[in-house]
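See structure below.
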Amino acid sequence: MARKLVFIVISLLVLAMAAALLIPRLVDKQKVIDLAADIVREETGANLTLGGDLNLSLFPTVGVDFTDAAITLPGNSEPDVEIESARIGVRLMPLLGGDVKVTALEVQGLTLRTQAAEEAPRVDTSNFTDAQLDTFYQQQREARLAAGEAAGAEAALAVPLALEVSSLKVANAKLESYDPSSGDTGVIVLKTLEAADLNLTGETIPVAAVVEIPGEAPIDVSLEGGLRIDQDSDALDFTGLDIIVRGATAEHIAVNASGSVDIARQSADVKLSLALGETKGDGNLRYASFESPQIDADLKLNLLNPALLALAGPEAAQSNTSSTAPTSGDEPLPLDALRGIDTRASLEIEQAIFGDYTIEQLAVKLRALEGVVTVSQISGLLYDGELDATATFDAKHNVAILNTAGGVSGLNIAAALTALEGDQEVSGRANLDWQLASRGGTANQLTQALSGPITLSTDAVELRGVSVEKLLCQAVAITNQERLTNPFPDTTQFDTLSADVQMQDGQANLQPLVAQLPEIGLTGNGNLDILGGVFKVNLKARLSPELEKLDPACRVSKRLTAIEWPVRCRGALTEAPSSWCSVDTESIIRDLTINEGRRKIEKEAGKLFNKFFDKD
């Protein structure tokens, strides 16, 4: 693109040079056109035609105004450059000495046609064997190295004259890029471009431009700042470049950037600050096409909310919604896409929102290369709990492998559940530690194959909507053949609640599950179907005589404290807790009857035994 623009400027200047050379020849306009065409053809091989008017002026500058000009590159049937009108002003005295100093260059209605370079066919690795994938990675490394060496050997930007333009103005310019593989033509409109002191010697060039990408939801980009172009090193530097993008997202994007671009090596180092709605951030970004990592970023943001990235416009919003429609989880994971990512990133985010989850003070360090994404740090505050974890997702071969270890301490259970379901049925604090592994080709397969231990402990947990004490007191009252008379709160407060969880075959197996209420001890086991969200837990309760203070009918005699009271909990996580648990009263009465019968038999047997040996 840079070479194309320079070529256009040079072609326009050739007209001014030709005009100056022919001034002594009584300013023959046709000879000016013919000479300009000859110069362009000799220098570039292109064909210059002028179908409109050509006007010349001499003092104080050599001025050339023309309309309806076209430049056609060798081998092309239609013009590569078309110009509705242009005006060029060149200082006369330097020009006579062979030095081109342009006072003004103004172009209206420029059309630049290019053909997109044919990209190397993208290799689809989704059907490769593991051995073929290893070969593919090796070939990629070798190709990147070779391309980097070739780019470093390329010549710098070649321009057949020292370009100096005091003032450059372009309006309503179009870049049309034809893609031969698809037959589509992309269009970018340069609404305005103004630059002062244009040069290729590394001096600052003040630039302001407005660019539009047409479409159903057009995108406007405005920029203003300073550029420096060094002809000898093929480098472009920019400082204080203010960029505003409107139309790409619901909120406009504002970026201030400084940095440098190595055109030959296709690399850029940028220091930037950005604003997108409520999101503000700054950091450093490096892109290097022939290096590893290709993208290297250190960024700090106050807010990361994917909702802010929603596309602007009704059509785009509809398209964005459909692309994020719920999936079944059985779709193949995008392993092929991951294999093409070569990135290192260090992110610090004050608040990150991922769907229903919010993490404060999030810090992430990751490296993605050849299908392996290694997250060496994930830390932050997850609903007041301190998160510290690591993870590796290995998609290098056909079966993806996931490993993660870490923990959360002091998680606010109520806040977490409120974010997920909109209710606060459970409150308290939770501590989690895990070490999990999985493998598979779909999201559901990864979930089903999760294995490893999870340790759960809690503090001051309260379950709303159900009273375990009431459930057990109702059972005790039945055995006492009485009725409860006191009201019970519709909550359960646990002194302690903990579980050792073993993940296997898509099930979270709780072995053991231990809970302690003020007058009740619970132990048991159970399992949770991760995908279905259905659980079942079997508990055994041990009652304390102090339970009587809750209700007179809840008297617990010695014979009742000896029984393990069965509590069964079944249901789905989406259901109300009040429907989860029940006490198996029938089994309690059966056990009591058996125990009472055994006690009477033992008592009578004891009497007979004593009578038999009674000598009196």
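Since the structure is predicted, the reported quantities are computational estimates derived from the model, not experimental observations. Count residues from 1 along the sequence.
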State, to 0.1 Å, how close Val372 and Lys396 come at their nearest heavy-atom pair, and which atoms those are.
CG2-CB, 3.9 Å
Correct closest heavy-atom pair for Arg144 and Glu291 would be CD-O, 3.4 Å
Working for side-chain contact (heavy atoms from CB on, under 4.5 Å), residues Leu285 and Ile295
CA-CA 7 Å; Leu285 176 67; Ile295 299 175; 3.8 Å; yes
In terms of heavy-atom contacts, Arg228 and Gly202 come closest through CD-O, 3.0 Å
Going through the checks in order, is the side-chain contact (heavy atoms from CB on, under 4.5 Å) test met by Leu227 and Leu236?
CA-CA 7 Å; Leu227 304 178; Leu236 184 151; 4.2 Å; yes
Report yes or no: does Asn172 contribute a side-chain atom to a donor-acceptor pair with the main-chain N or O of Gln108 at less than 3.5 Å?
no
Those residues at least two apart in sequence (or on a different chain) that pass side chain to side chain donor-acceptor pair (under 3.5 Å) with Arg344 are Asp296, Asp298
Could you walk me through whether Asp388 and Ser379 pass the side chain to side chain donor-acceptor pair (under 3.5 Å) test, one step at a time?
CA-CA 5 Å; Asp388 186 10; Ser379 62; 5.7 Å; no
Among Val207, Ile205, Leu105, which one satisfies side-chain contact (heavy atoms from CB on, under 4.5 Å) with Leu168?
Leu105
Is there a side-chain contact between Asp65 and Asp53 in this structure, where contact means two heavy atoms from C-beta onward sitting under 4.5 Å apart?
no
Just to verify, which of Leu347, Ile349, Leu301 counts as forming a side-chain contact (heavy atoms from CB on, under 4.5 Å) with Leu362?
Ile349
Between Leu333 and Ala400 the two heavy atoms that sit nearest each other are CD1-CB, 4.4 Å
Are any of the side-chain heavy atoms of Pro293 and Thr343 separated by less than 4.5 Å?
no
Which distance, rounded to the nearest 0.5 Å, do you find between the CG of Leu303 and the OG1 of Thr358?
9.5 Å
How about Leu304 and Ile353: do any of their side-chain heavy atoms sit closer than 4.5 Å?
no
Considering all heavy atoms of both residues, which atom of Val373 and which atom of Ala368 are nearest to each other, and what is their separation?
CG2-CB, 4.1 Å
Can you tell me how far the CD atom of Gln294 sits from the CZ atom of Arg286, to the nearest 0.5 Å?
11.5 Å
Are Arg339 and Leu133 close enough that some pair of their side-chain heavy atoms sits under 4.5 Å apart?
yes
Drop me the distance from Ile378's CD1 to Thr390's OG1, to the nearest 0.5 angstrom.
7.5 Å
Whether Asn412 side chain and Asp384 backbone form a donor-acceptor pair below 3.5 Å
no
Test item: Leu190 and Leu175 side chains (from C-beta on) under 4.5 Å apart, heavy atoms
no
Please give me the minimum heavy-atom distance between Thr72 and Asn76, naming the atom from each residue.
CG2-O, 3.4 Å
Do Arg113 and Tyr178 come close enough that some side-chain heavy atom pair is under 4.5 Å?
no
Kindly say whether Gly240 contributes a backbone atom to a donor-acceptor pair with the side chain of Ser258 at under 3.5 angstrom?
yes
Heavy-atom check, side chain of Glu370 versus side chain of Arg141, under 4.5 Å
yes
For Tyr357 and Tyr383, take the angle between the two ring planes, folded into 0 to 90°, and tell me which bin it lands in: parallel under 30, tilted 30 to 60, perpendicular over 60.
tilted
side-chain contact (heavy atoms from CB on, under 4.5 Å) between Phe128 and Asp336: does it pass, once the steps are laid out?
CA-CA 10 Å; Phe128 279 19; Asp336 179 53; over 6 Å; no
Hey, mind stepping through Lys300 and Asp282 against salt bridge (Lys or Arg N to Asp or Glu O under 4.0 Å) and telling me if it holds?
CA-CA 6 Å; Lys300 295 182 179 180; Asp282 57 71; over 6 Å; no
Approximate separation, where rounding is to 0.5 Å, of Thr201 OG1 and Asp230 CG
8.0 Å
Working to the nearest 0.5 Å, report the span between CG of Leu241 and CD of Glu224.
9.5 Å
Taking the side chain as every heavy atom from C-beta outward, state whether Arg367 and Asp342 have any atom pair closer than 4.5 Å.
yes
Take Asp124 and Ser126, measure what side chain to side chain donor-acceptor pair (under 3.5 Å) needs, and give me the verdict at the end.
CA-CA 6 Å; Asp124 184 359; Ser126 57; 2.7 Å; yes
Is the CD atom of Glu386 crowded by more than 12 outside heavy atoms at less than 6.0 Å?
no
Roughly how far, to the nearest 0.5 Å, is CG of Asp262 from CG of Asp237?
10.0 Å
Within the supplied structure, the quantity of interest is the number of heavy atoms (other residues, nucleotides, ligands) at a distance under 6.0 Å from Lys365 NZ; does it exceed 12?
no
Show, in sequence, the C-alpha distance, side-chain angles and deciding distance for Thr279 and Asn302, and conclude whether the side-chain contact (heavy atoms from CB on, under 4.5 Å) test is met.
CA-CA 6 Å; Thr279 298; Asn302 70 322; 4.1 Å; yes
